[in-house]
Structure formats: structure tokens, C-alpha cells
**Q** 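Handing you a structure now.
By convention here, the first residue in the shown sequence is residue 1. All of these numbers come straight from a predicted model, not from anything done at the bench. These values consider heavy atoms only, across backbone and side chains, with no hydrogens, waters or symmetry-generated copies.
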Amino acid sequence: MIIRLLEDNDRSHVENIMASHPLQFPKFIIEKYPLRWSDFLEKQDHKICGYYVAHTHIVLGHAGYIFDVEKRLYEIVGVAVHKESQRKGIGKGLLDTICNQVHLLGGNKVILQTLGHVGNENTLTFYRNIGYEQVDFEKDFFETDYHRVTFVKKLS
């Protein structure tokens, strides 16, 4: 497996991976990514954002980061792994790559926000198991029954 920066021809593959996880990526979340990817591919300003894919001969997963000006923190976004490739270290590898990049950019912690509704418990457990600390739970944040859970991880 290779982890590299997102390329234009990866976009449809990543959207398909996201769409295959409707509990984690409802349509209103997926719709945010084409513009984010376009901005990244056009500007390539790694201080603002970065998007990575894990692949072999196909794209297996995706994760990115954006700088949240209000919080003055880098936020991890869009973590998704192909269903048949889960539990093989791909998500952790992507997150480790992002944390290393954020650390190189001077960040000392990252924030990660995900959905906390029924059916997404495995995602929350995954983040806890790899060192992310839950710091907030906002009920009905996105819409009814779509809660937002916030995690942070200190970088060293």
C-alpha cells in the first residue's frame, strides 16, 4: 500500500468509497468534498489543507486535513476506507500520515469531528483505540439524529 497526495483522477473513486458508507457520509457531507479537492488541487497550499489516498492498484482509502482558522487547529476530515479493506491499518496509516504532516507544519494537536448517531459506534471506537480523545458530543448538530462528536489528539 502506498499513501500519496490526492490526484484529480482519484476523486470519483473516493466519492464512491464515501457513498458506500452512508452512516458516516450522508449526501450532505459528501457534497462538501468536490470544492475542497478542487481548491487543494489548484492551490497546493499545504498550510491550508491536504488530502491523501491510500492505494495499491485501486484507491483503498482517503483522509485529509484543513486548517480551522477559528479554532487555530488543523482538522482531520473525510476519513474513509473501502469496506473490503477495513481493519487492515489503512485508516490508521492515513491518519498517521496526516498527523506527521500537521506536526511538520507546526501543529501540536489535531481535531477530528465525526457523526455520532446510532450505527456509527465502530467509527467512534476506532478513533478512541488509536489515541483520539473525545472532548464533545453535540446532539442533533447537523440535523435531527445526526450528532457531532469531537475528538482531539496531541501530536509529538
Side-chain angles (χ1 to χ4, degrees), residues 1-6 10 13-33 36-37 40 46-56 59-156:
M1 174 185 71
I2 296 170
I3 295 177
R4 63 164 169 76
L5 288 170
L6 176 89
D10 298 324
H13 301 291
V14 175
E15 283 187 50
N16 288 336
I17 292 170
M18 288 177 170
S20 73
H21 298 285
L23 286 176
Q24 292 86 3
F25 289 96
K27 187 176 180 178
F28 70 91
I29 297 291
I30 295 173
E31 289 173 347
K32 295 180 179 190
Y33 284 90
R36 288 177 176 179
W37 292 328
F40 167 70
H46 296 274
K47 291 182 181 179
I48 296 173
C49 65
Y51 297 92
Y52 293 84
V53 294
H55 75 96
T56 53
V59 174
L60 302 172
H62 167 274
Y65 66 88
I66 56 176
F67 186 72
D68 185 320
V69 176
E70 291 177 13
K71 294 181 177 91
R72 309 275 316 145
L73 288 171
Y74 285 96
E75 177 183 353
I76 295 174
V77 296
V79 182
V81 175
H82 193 282
K83 283 187 175 192
E84 295 173 11
S85 299
Q86 291 182 330
R87 301 190 186 280
K88 296 180 181 176
I90 295 167
K92 184 178 182 318
L94 284 161
L95 291 169
D96 288 347
T97 298
I98 288 171
C99 287
N100 290 336
Q101 177 64 28
V102 167
H103 192 2
L104 290 173
L105 293 169
N108 60 6
K109 72 178 175 176
V110 291
I111 189 170
L112 184 151
Q113 297 173 322
T114 191
L115 298 173
H117 52 278
V118 173
N120 203 30
E121 296 86 1
N122 288 342
T123 300
L124 304 179
T125 299
F126 166 71
Y127 292 128
R128 289 183 191 109
N129 287 343
I130 61 170
Y132 290 77
E133 177 187 350
Q134 183 176 327
V135 296
D136 201 2
F137 181 91
E138 298 166 274
K139 186 171 176 55
D140 299 330
F141 181 84
F142 294 102
E143 55 186 55
T144 302
D145 294 329
Y146 281 87
H147 320 304
R148 182 168 78 173
V149 181
T150 303
F151 291 90
V152 296
K153 183 173 185 174
K154 294 180 182 172
L155 306 177
S156 53

**Q** How about Y132 and L95: do any of their side-chain heavy atoms sit closer than 4.5 Å?
**A** yes
**Q** Would you compute the distance between atom CD of E133 and atom CZ of R128 and round it to the nearest 0.5 angstrom?
**A** 11.0 Å
**Q** Mind checking whether K27 and I30 have side chains closer than 4.5 Å, heavy atoms only?
**A** no
**Q** side-chain contact (heavy atoms from CB on, under 4.5 Å), that's the test. Do R4 and D10 meet it? Break it down for me.
**A** CA-CA 11 Å; R4 63 164 169 76; D10 298 324; 2.7 Å; yes
**Q** Search all heavy atoms of I29 against all heavy atoms of Y33 and return the closest pair with its distance.
**A** O-CD1, 3.5 Å
**Q** Report the distance from atom CG of L60 to atom CE of M1, rounding to the nearest 0.5 Å.
**A** 7.5 Å
**Q** For C49 versus I66, what's the shortest heavy-atom pair and its separation?
**A** CB-CG2, 3.8 Å
**Q** To the nearest 0.5 Å, what is the distance between NE2 on H82 and CD1 on I90?
**A** 10.0 Å
**Q** Find the distance between CD1 (I111) and CD1 (I76) and round it off to the nearest 0.5 Å.
**A** 10.0 Å
**Q** Using 0.5 Å steps for rounding, measure from the NZ atom of K92 to the CZ atom of F126.
**A** 8.5 Å
**Q** State the CZ-CG distance between F137 and L124, to the nearest 0.5 angstrom.
**A** 8.5 Å
**Q** I17 versus F25: any side-chain heavy-atom pair under 4.5 Å?
**A** no
**Q** In chain order, what residues pass the side-chain contact (heavy atoms from CB on, under 4.5 Å) check against V102, with sequence neighbours excluded?
**A** Y65, Y74, I98, V110, L155
**Q** Evaluate the side-chain contact (heavy atoms from CB on, under 4.5 Å) criterion for residues F67 and E75: first the C-alpha distance (whole Å), next the side-chain angles of each, then the deciding distance (0.1 Å), finally the verdict.
**A** CA-CA 6 Å; F67 186 72; E75 177 183 353; over 6 Å; no
**Q** Please name the pair of heavy atoms, one in L94 and one in A63, separated by the smallest distance, quoted to 0.1 Å.
**A** CB-CB, 3.9 Å
**Q** Using the six-membered ring wherever Trp is involved, compare the ring planes of H62 and Y51 and label them parallel, tilted or perpendicular (cut-offs 30° and 60°).
**A** parallel
**Q** May I ask you to decide if L112's main-chain N or O and K153's side chain share a donor-acceptor pair within less than 3.5 Å?
**A** no
**Q** Give the minimum heavy-atom separation between A19 and P22, together with the two atoms involved.
**A** O-CD, 3.7 Å
**Q** Around K109, counting heavy atoms of other residues, nucleotides and ligands shown, do more than 12 lie under 6.0 Å from its NZ?
**A** no
**Q** Considering all heavy atoms of both residues, which atom of F40 and which atom of H46 are nearest to each other, and what is their separation?
**A** CE1-CE1, 3.9 Å
**Q** Evaluate the side-chain contact (heavy atoms from CB on, under 4.5 Å) criterion for residues H21 and V79: first the C-alpha distance (whole Å), next the side-chain angles of each, then the deciding distance (0.1 Å), finally the verdict.
**A** CA-CA 11 Å; H21 298 285; V79 182; over 6 Å; no
**Q** Are Y52 and Q101 side-chain neighbours, meaning at least one heavy-atom pair lies under 4.5 Å?
**A** yes
**Q** State, with a plain yes or no, whether a side-chain heavy atom of H147 is found less than 4.5 Å away from one of D140.
**A** yes
**Q** Apply side-chain contact (heavy atoms from CB on, under 4.5 Å) to V14 and L6, showing your working.
**A** CA-CA 9 Å; V14 175; L6 176 89; 4.3 Å; yes
**Q** How about K88 and V81: do any of their side-chain heavy atoms sit closer than 4.5 Å?
**A** no
